[in-house]
Visitor: 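My structure is below; once you've seen it, I'll send some questions.
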Amino acid sequence: MTSIGLAFPPLYFYNGGVREFLATTKQHVFIVRSSEDANVFVVNDLQDPLQRTLSSLELPGVVSVANGTQATEPSSNGIIHEGSSYEGSSNAQIIVRQKHKYPDPARDLSIQVLEKFSLVTRFARDTTSQLFRDNHSESYASNEMRRQSDGTFTHPNKSSNDSEKVYEQAPVPADPLEFDKMTLVWGKPRQPHLGLEEWHAFLDSEGRIMDPVALRKRIFYGGIEHKLRKEIWGFLLGYYADDSTYAEREYLRAVKKSEYETIKNQWQSISPEQAKRFTKFRERRGLIEKDVVRTDRALPFYDGDDNPNVTTLHDILLTYSFYNFDLGYCQGMSDLLSPILFATLDESESFWCFVALMERLGPNFNRDQNGMHSQLFALGKLVELLDSPLHNYFKQNDCLNYFFCFRWVLIQFKREFEYEKTMRLWEVLWTHHLSEHLHLYVCVAILKRYRKKIIGEQMDFDTLLKFINELSGHIDLDAVLRDAEALCICAGENGAASIPPGTPPSLPIDCSSLSPLQDDEVL
């Protein structure tokens, strides 16, 4: 915290990294230990006039955040607390945005230094701590939205006096695609959910799907009645083969249940003495135990103490960490599993559906974040293709890393919509109708719906990130799906060529090249 009361997000380090950080920082700025608190360090004490000449600190371009870190917290008086261990695993790799290197002599140099510090963790705060906060329902109740035809959004924390102020809007370039007209031409309206009678019409007498393409197209435009998700999601995720019969699926479930119990027994049979000597197991079990008790607890299905569904969620995730020991468990996986268990109501089937989903989304959780980077790179290319003025605006404001869309991509919009709408969106995406990467076109569609506000209000990265996070619970799913369909058709082959091969959720080209998150690695 600065002397004028300006607070910045905390910085995160590996165990023991605080001392190294302080040693390096002392080469650039003036640091002294506070006489009032031994755990507080004061940066650039401007009571000394000589320190006014210090130049701002240039931080490295890339910083990785892994679990087992230590945190430094802002204090009320000093600058840095030498903090305690930060528990949890953060999988975001933060790329620090480059600032202009022309110094402003009128700007307080200490604030420049702190701004450099805060850039390292500002994104981590908004994409991990908000992503994994305890009460997931808060994201829907925290903001109120005023919907207008131009897609404007009113921030709830503005005072009444703010409404009296007149802000000068920057000119907004016209949308090159005339987007509103496109939706009328290509974006088809949603249809009623696929019901039981219609579902049976897609099956032959032995239970085979006669026309998988037509079925997926039907689901794309209408979704599925909830009671049918238990069966149909298995087909969409690849757990069941389209040409499998009733008898074959029944046999598969029996075999897979036995296989699941075998894997589950691997960790259930670990004795307390073994666990003392199995650090990786203890760390992953502890992280899962903390995550499941704060995953979708607002839902009656997961609500209450000693809820057996929460226990099942825990068991599936811990079993998966033994099934895929290289990847293990990372925060965010519980968000992806929760709707699957809610829909299937079966532990073994939920596990194998989750396994199938992670075959495609697993790269999102790799240590090197190759899956996330490839998707955000492709998103940038699609915005450049479909809305070059918006792309140019992001370029001018150092927003081309598209990290403000990180949460959308990481857990497939799980926090952006109500639970039922999230499940409907997921089954639409899983059809792979039109594109395997429709979720990227959904990102573009949302950005285009708010382009006038983004450009008109000249949002910088931090303002844009805050604005995007506050959209949670206020996005019209049906309208966005229509827009995404229109964009995908408009992009055509050029859009497909903008997405690198192997970009999730496409199956990885070379699974051996994946670099999963390793909790005990140190950069």
Side-chain angles (χ1 to χ4, degrees), residues 61-64 91-98 123 127 177 216 220 236-238 324 326-327 330 332-333 336 356-388 390-392 394-395 398-413 425-426 428-448 468 483-517:
V62 177
V63 176
S64 294
N91 308 305
Q93 186 180 63
I94 301 100
I95 295 183
V96 179
R97 298 180 292 113
Q98 296 298 316
F123 178 72
T127 59
L177 296 180
R216 282 164 170 78
F220 179 88
L236 296 180
L237 289 170
N324 188 347
D326 286 341
L327 184 59
C330 303
M333 291 183 180
L336 296 176
L357 179 62
M358 291 303 295
E359 286 296 307
R360 294 183 175 275
L361 298 184
N364 286 6
F365 301 94
N366 288 340
R367 181 179 180 81
D368 60 9
Q369 290 290 295
N370 62 339
M372 290 300 301
H373 284 305
S374 63
Q375 290 172 89
L376 295 178
F377 171 81
L379 174 58
K381 291 297 183 182
L382 291 176
V383 173
E384 183 177 15
L385 175 66
L386 294 165
D387 195 337
S388 56
L390 183 60
H391 171 82
N392 292 335
F394 288 151
K395 182 177 181 180
D398 297 325
C399 296
L400 285 184
N401 54 30
Y402 284 86
F403 272 139
F404 47 86
C405 299
F406 191 95
R407 185 174 72 181
W408 294 354
V409 175
L410 180 68
I411 53 175
Q412 303 288 281
F413 306 94
L425 172 60
W426 282 9
V428 168
L429 298 178
W430 294 344
T431 65
H432 296 164
H433 179 66
L434 298 181
S435 172
E436 281 187 314
H437 302 96
L438 187 72
H439 69 297
L440 298 180
Y441 291 97
V442 171
C443 293
V444 179
I446 298 174
L447 292 175
K448 287 178 72 66
I468 292 296
D483 296 347
E485 178 191 1
L487 289 168
C488 186
I489 294 174
C490 180
E493 295 181 356
N494 292 330
S498 300
I499 303 173
T503 297
S506 296
L507 292 173
I509 297 176
D510 182 9
C511 294
S512 64
S513 67
L514 298 180
S515 177
L517 182 72

Visitor: Are any side-chain N or O atoms of D387 and backbone N or O atoms of V383, one a donor and one an acceptor, separated by less than 3.5 Å?
Guide: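 Looks like no, no N/O pair under 3.5 Å.
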Visitor: Which heavy atom of F377 sits nearest to which heavy atom of P500, and what is that distance?
Guide: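 Residues F377 and P500, closest heavy atoms: CD2-CG, 3.9 Å.
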Visitor: Which residues pass the side-chain contact (heavy atoms from CB on, under 4.5 Å) test with T431, sequence neighbours left out?
Guide: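 Counting only residues at least two positions away or on another chain, T431 forms a side-chain contact (heavy atoms from CB on, under 4.5 Å) with R216, I219, F220, L236, H433.
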Visitor: Drop me the distance from M358's CE to L237's CG, to the nearest 0.5 angstrom.
Guide: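 Reported to 0.5 Å precision, the distance equals 12.0 Å.
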Visitor: Could you grab the distance from atom SG of C330 to atom CZ of R367, nearest 0.5 Å is fine?
Guide: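 With rounding to 0.5 Å, SG (C330) is 10.5 Å from CZ (R367).
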Visitor: Please name the residue in the list I411, L336, L410 that meets the side chain to side chain contact (heavy atoms under 4.5 Å, CB included) test with L361.
Guide: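 Answer after filtering I411, L336, L410: L336.
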Visitor: Any side-chain heavy atom of L440 sitting closer than 4.5 Å to one from S435?
Guide: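 Side-chain contact under 4.5 Å: no.
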Visitor: I would like to know whether I499 and S506 meet side chain to side chain contact (heavy atoms under 4.5 Å, CB included); could you show each step before the answer?
Guide: CA-CA 10 Å; I499 303 173; S506 296; over 6 Å; no
Visitor: Between N366 and D368 (side chain of the first, backbone of the second, donor and acceptor by atom type, cut-off under 3.5 Å), is there such a pair?
Guide: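 Not at all, since once roles are kept as given, no pair shorter than 3.5 Å links the two residues.
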Visitor: Does anything in residues 488-497 form a salt bridge (Lys or Arg N to Asp or Glu O under 4.0 Å)? List the pairs, not counting sequence neighbours.
Guide: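 Every candidate salt bridge (Lys or Arg N to Asp or Glu O under 4.0 Å) pair involving residues 488-497 fails, so no pair, neighbours aside, qualifies.
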Visitor: Rounded to the nearest 0.5 Å, what separation is found between the CZ atom of R360 and the CD atom of E436?
Guide: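 CD of E436 is found 5.0 Å from CZ of R360.
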Visitor: For residues Y402 and F404, establish whether the separation of their ring centroids is below 6.0 Å.
Guide: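 Yes, ring centres under 6.0 Å apart.
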